[in-house]
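As the structure is a prediction and not an experimental result, all values here were calculated from the model.
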Amino acid sequence: MLRGYLVCKKNGEATRRIPVGTSITLGRSVECGCVVDDAAASRRHARVTAEGERFLWKDLNSTNGTQLNGVPMLEGVLRHGDRLQIGETVITFETEEYVEEVEEDGSTTTFTETISNWQKSGQVEAKEDRAENLLRAIYTVMNEISSNYEPCPLLDHILQTTMKAIDAQRGAIVFAPQEGGRGIEPCPVCHKYHVIVNGRVQRVAQRDFIISESVAQRVIKNGESLLYQDTDRDSEFNVSESIRSLKLRSIICAPLRGKFGIFGILYVDSDSPKHQYSHEDMLLSTAVGNSAGLALENARMHMQIVEKNRTDSEIQHAWQIQQGFLINEWPEDDPRFQVYGDTRPAKTVGGDFYDFVQPDNAHVGLLIGDVSGKGVPAALTMAQLLAEFRLNSRNSLSPSEVFSSLNETMCKQGVRGTFCTMSYVIVNLESGRVLCASAGHHPALAVGKGDLRIFGNATGPPVGILPENPWTDTEARLKPGETLVLYTDGIVEARAQHTRSGRAPLPDEYGMENLGRVAAEHYADTPREMVEAVNKTVREYCAPTTPHDDCTMIAVKLLANHK
């Protein structure tokens with residue numbers, strides 16, 4: 001017999017070899033068994049279905065179409081080595097022969113013939129035939145566990161297989177409520193109830209779905225399978241209002257067991273006096289419930305892994321975009337100064353940023369900031385602030401005026417609760433005069449030969465907190481040969497282990513003292529060499545772990561003689 005596989009490979013990722021099983025959907029949605037992370041892919045783009053020894057594929061009315069071996073097509077038969085192309089993504093189809101295990105009596109462990117007929121509800125099967133059908137149903141469901149990663153099709157297949165095996169009138173799979181909730185819940189993927197009536201699978205809304213909730217809740221609570229027959233007059237459920245109102249004659253309810261508990265039930269009922277379920281039917285439903293629970297957990301974990309991979313990919317793209325906003329090419333041909341900045345995010349995307357501007361030929365400006373929070377929201381806020389800063393810094397030589405403009409924009413357009421500490425200095429290249437404004441940020445350092453000065457303490461709160469807040473400029477002077485350093489709290493608050501083997505205990509944080517010492521040791525170096533030296537000692541200080549916060553620095557060194 002043949003098994004089919006979809007082989008997907010993306011640059012920088014490991015090859016995925018996904019079994020087709022009975023059917024599999026390809027698309028951008030995490031509900032699909034084969035998720036295609038391509039902008040040209042529709043949410044449900046195409047489907048591959050196994051029919052005996054053949055594998056058929058069909059485009060699901062996608063927006064951008066599908067190609068088979070480079071030719072646009074809508075459907076067809078897949079053969080080993082065929083290539084389905086969606087956008088820039090190419091998925092290779094492979095088949096693999098597998099041999100059925102033959103028992104000593106010549107029988108096989110793979111069941112291929114029909115289990116039962118829906119028209120047999122009034123007939124009685126021989127005991128041997130009954131047992132064979134039950135075993136076939138259990139095998140079919142367990143086989144589906146290893147070949148179906150799509151929760152909704154998996155639920156439908158479990159219902160079809162189980163209801164066919166026990167010749168059931170009506171069945172459903174429902175889910176336990178979330179913690180603190182009551183009642184029963186629909187499928188968490190499609191938000192519908194999966195039901196089957198007389199062999200026909202349906203997905204219905206809550207208003208069209210009624211079962212005995214008293215039975216369902218008991219099984220969810222106790223985790224025990226339940227068989228109800230109205231011939232048992234002593235049954236406690238004969239007084240159940242839901243059973244009486246629905247005129248139910250027989251019910252089977254089995255828990256769906258996962259590794260971490262019960263998260264749903266397999267429910268079967270009948271309102272026909274000739275359609276009573278047996279103890280064997282309940283045993284089958286219980287076995288299916290255990291297998292189905294594991295299958296659904298596998299499908300859920302697959303969706304979570306796919307979603308995580310997609311999120312990681314989006315974050316990586318966000319980091320690339322964020323890097324595009326930051327300056328990576330520094331001026332090297334100006335004899336009056338040298339400048340360099342660097343950021344090292346604790347996560348893939350950080351909230352720290354820096355910038356360098358030249359409002360006119362006589363001045364340079366250095367900005368450093370730290371947006372509250374981490375990840376993509378912080379990166380988006382950073383991008384907005386940098387765009388506004390570059391616009392406002394062109395027309396003002398006052399750092400405090402620039403902050404006021406940024407604050408006004410951020411209070412109007414920013415997300416509530418998001419703020420940013422910032423420090424902005426403007427250096428006059430002719431006189432060495434420095435103007436500095438700090439919005440709740442760490443002070444700047446001036447590093448020279450035998451001289452280390454701190455200036456530019458905060459003159460107002462972070463940007464984005466108060467709609468109207470005045471900052472003031474503080475003044476200092478930079479001598480020829482000195483380097484001005486701006487940094488974020490990820491540098492000075494980098495944490496070390498409490499002790500190290502063979503050494504005295506270290507303080508918890510890297511601190512201003514270490515920053516000043518390392519900067520002073522490299523006073524004669526270029527800004528780049530000084531920044532890299534500090535980063536190196538920070539990493540060594542935190543080893544074997546890494547800094548818990550973003551580490552960002554920018555420095556400018558004054559080279560020319562001044563009046």
(message) According to side chain to side chain contact (heavy atoms under 4.5 Å, CB included), who are the partners of D342, at least two apart in sequence or on a separate chain?
(response) Y340, R344, V531, N535
(message) Within a 6.0 Å radius of atom CG on L74, are there more than 12 heavy atoms belonging to other residues, nucleotides or ligands?
(response) no
(request) Only counting residues at least two apart or in another chain, list the ones meeting side chain to side chain contact (heavy atoms under 4.5 Å, CB included) with S404. (result) W471
(request) Apply side chain to side chain donor-acceptor pair (under 3.5 Å) to H522 and list each qualifying residue two or more places apart in sequence or on a separate chain. (result) D525
(message) In the structure I gave you, are the side-chain heavy atoms of F455 and L484 within less than 4.5 Å of one another anywhere?
(response) yes
(request) Report the residue from L366, I554, N457, L486 that forms a side chain to side chain contact (heavy atoms under 4.5 Å, CB included) with S423. (result) L486
(request) Can you sort out the partners of F175 under ring pair (Phe, Tyr, Trp, His ring centres under 6.0 Å), two or more places apart, ordered by chain and number? (result) none
(message) Enumerate the salt bridge (charged side-chain N to carboxylate O under 4.0 Å, His left out) contacts for residues 433-461, please, sequence neighbours excluded, ordered by first and then second residue.
(response) R433-E475, D451-R453, D451-K479, R453-E482
(message) How about CD on E521, more than 12 heavy atoms from neighbouring residues, nucleotides or ligands closer than 6.0 Å, or not?
(response) yes
(request) Could you check if a side-chain atom of N514 sits within less than 4.5 angstrom of a side-chain atom of T537, using non-hydrogen atoms only? (result) no
(message) So, using side chain to side chain donor-acceptor pair (under 3.5 Å) as the criterion, who are the partners of S400 when residues are at least two apart?
(response) S398, D473
(request) May I have all residue pairs that pass salt bridge (charged side-chain N to carboxylate O under 4.0 Å, His left out) and include part of residues 380-392, sequence neighbours excluded? (result) D355-R390
(message) I'd like to check the side chain to side chain donor-acceptor pair (under 3.5 Å) partners of S62; sequence neighbours left out, ordered by chain and number.
(response) H45, D59
(message) Just by distance, no angles: are the side chains of D370 and T488 close enough, under 3.5 Å, to form a donor-acceptor pair?
(response) no
(request) Kindly write out the residues that satisfy ring pair (Phe, Tyr, Trp, His ring centres under 6.0 Å) with Y523, not counting sequence neighbours, or none if the list is empty. (result) none
Per-pair distances, 0.1 Å, donor-acceptor, side chain in residues 440-447, under 3.5 Å, sequence neighbours excluded:
from: H441; atom 1: ND1; to: T421; atom 2: OG1; distance (Å): 3.0
from: H441; atom 1: NE2; to: Y487; atom 2: O; distance (Å): 2.7

(message) If the condition is side chain to side chain donor-acceptor pair (under 3.5 Å), which residues does E329 pass it with, not counting sequence neighbours?
(response) none
(request) Quick one: which residue pairs count as a salt bridge (charged side-chain N to carboxylate O under 4.0 Å, His left out) with a foot in residues 397-411, not counting sequence neighbours? (result) E408-K412
(request) Tell me, yes or no, whether the heavy-atom count around R43 atom CZ, taken from other residues, nucleotides or ligands under 6.0 Å, exceeds 12. (result) no
